[in-house]
Amino acid sequence: MDLILGELSNLGVNEILNDGGVEFMGFRLLGKGQNSFVFKCRVGDEYYACKIRRFDSSRPSLMNEGSYLRLANSVALGRD
């Protein structure tokens with residue numbers, strides 16, 4: 001967990017919030033899938049969904065998914 005927190009800090013994440021409709025190991029998450037966990041986090045004064053690859057995931061990374069999300073967000077499909 002310290003490795004993950006260190007990486008998030010390097011990316012500018014100030015806070016991970018214990019918030020969401022899913023509980024996992026005593027922590028509230030926005031979502032939990034086969035390959036990742038989604039947390040609510042804060043970067044500066046903005047709040048985001050932070051997706052973290054599970055250690056037991058069969059995928060080597062979430063880079064492709066990140067590219068698809070960036071594309072969806074660029075045309076306002078992935079945001080409110």
Side-chain angles (χ1 to χ4, degrees):
M1 186 64 157
D2 289 334
L3 178 64
I4 293 170
L5 294 175
E7 290 287 329
L8 291 172
S9 178
N10 288 340
L11 293 170
V13 174
N14 303 107
E15 181 181 14
I16 296 175
L17 291 96
N18 190 21
D19 188 14
V22 177
E23 186 171 334
F24 180 73
M25 296 180 66
F27 200 81
R28 306 296 301 175
L29 313 172
L30 297 176
K32 176 179 158 296
Q34 289 181 317
N35 294 293
S36 61
F37 298 105
V38 182
F39 297 87
K40 184 175 182 181
C41 68
R42 182 177 58 82
V43 178
D45 293 332
E46 302 282 327
Y47 291 90
Y48 297 92
C50 178
K51 193 166 205 173
I52 300 171
R53 188 180 68 88
R54 291 173 46 159
F55 288 113
D56 62 346
S57 172
S58 60
R59 293 184 188 174
S61 79
L62 297 174
M63 294 301 289
N64 282 341
E65 189 169 343
S67 296
Y68 299 139
L69 287 170
R70 253 188 302 287
L71 178 61
N73 287 337
S74 74
V75 292
L77 288 175
R79 48 184 144 162
D80 55 1

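Scope of the values below: all heavy atoms of this structure, side chains included, with no hydrogens, waters or symmetry mates.
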Point to revise | Co-membership, hydrophobic cluster, residues L8 and L17, 4.5 Å side-chain | key: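 No, it is not one cluster - the side chains of L8 and L17 are not joined through contacts under 4.5 Å.
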
Review point. Can you hop from M63 to F37 via hydrophobic side chains spaced under 4.5 Å?
Key: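 No, M63 does not connect to F37 through the hydrophobic network.
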
Practice item. Name all residues meeting the salt bridge (Lys or Arg N to Asp or Glu O under 4.0 Å) criterion together with R53; count only those two or more places apart in sequence or in a different chain, and write none if there are none. Key: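 For R53 there are no salt bridge (Lys or Arg N to Asp or Glu O under 4.0 Å) partners, ignoring immediate neighbours.
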
Practice item. Under the side-chain hydrogen bond (donor to acceptor under 3.5 Å, both in side chains) rule, collect the residues that match up with E7, sequence neighbours excluded. Key: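 Partners of E7 under the side-chain hydrogen bond (donor to acceptor under 3.5 Å, both in side chains) test: none.
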
**Study point:** side-chain hydrogen bond (donor to acceptor under 3.5 Å, both in side chains) partners for N10, two or more places apart
**Key:**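 None.
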
Exercise for review: Using atom types as modelled and distance alone, determine if a side-chain donor or acceptor of R28 lies under 3.5 Å from a backbone N or O of G20.
Suggested key: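 The answer is yes, because a donor-acceptor pair under 3.5 Å joins these two groups.
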
Exercise for review: Measure the spacing between CG of L5 and CD1 of I52 and express it to the nearest 0.5 Å.
Suggested key: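 If we round to the nearest 0.5 Å, L5:CG and I52:CD1 are 8.0 Å apart.
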
Exercise for review: Calculate, to the nearest 0.5 Å, the distance between atoms OG and CG belonging to S74 and L69 respectively.
Suggested key: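 Result: 11.0 Å between the selected atoms.
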
Check your understanding: If you link I, L, V, M, F, W and Y whenever their side-chain heavy atoms are under 4.5 Å apart, who else ends up in the same group as L71?
Key ->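 For L71, no cluster forms, as it stays isolated from other hydrophobic side chains.
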
Practice item. Tell me who clusters with L30, hydrophobic residues only, linked when side chains sit under 4.5 Å apart either directly or through other members. Key: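 Direct or chained contacts put L30 with V38.
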
Point to revise | For the student: nearest non-hydrogen atoms of C41 and V13, plus distance | key: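 Of all heavy-atom pairs spanning C41 and V13, the closest is CB-CG1, 3.9 Å.
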
Check your understanding: By ring-ring contact (aromatic ring centres under 6.0 Å, His included), which residues pair with F27, not counting sequence neighbours?
Key ->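 For F27, the residues satisfying ring-ring contact (aromatic ring centres under 6.0 Å, His included) (neighbours in sequence not counted) are F39.
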
Check your understanding: Which residue pairs pass the salt bridge (Lys or Arg N to Asp or Glu O under 4.0 Å) test when at least one of the two sits in residues 9-21, sequence neighbours left out?
Key ->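 Salt bridge (Lys or Arg N to Asp or Glu O under 4.0 Å) check on residues 9-21 returns E15-R42, D19-K40.
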
Exercise for review: Under the side-chain contact (heavy atoms from CB on, under 4.5 Å) rule, collect the residues that match up with R59, sequence neighbours excluded.
Suggested key: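 Partners of R59 under the side-chain contact (heavy atoms from CB on, under 4.5 Å) test: N35, S57, L62, E65.
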
Got a list of side-chain donor-acceptor pairs under 3.5 Å for residues 43-50, not counting sequence neighbours?
none

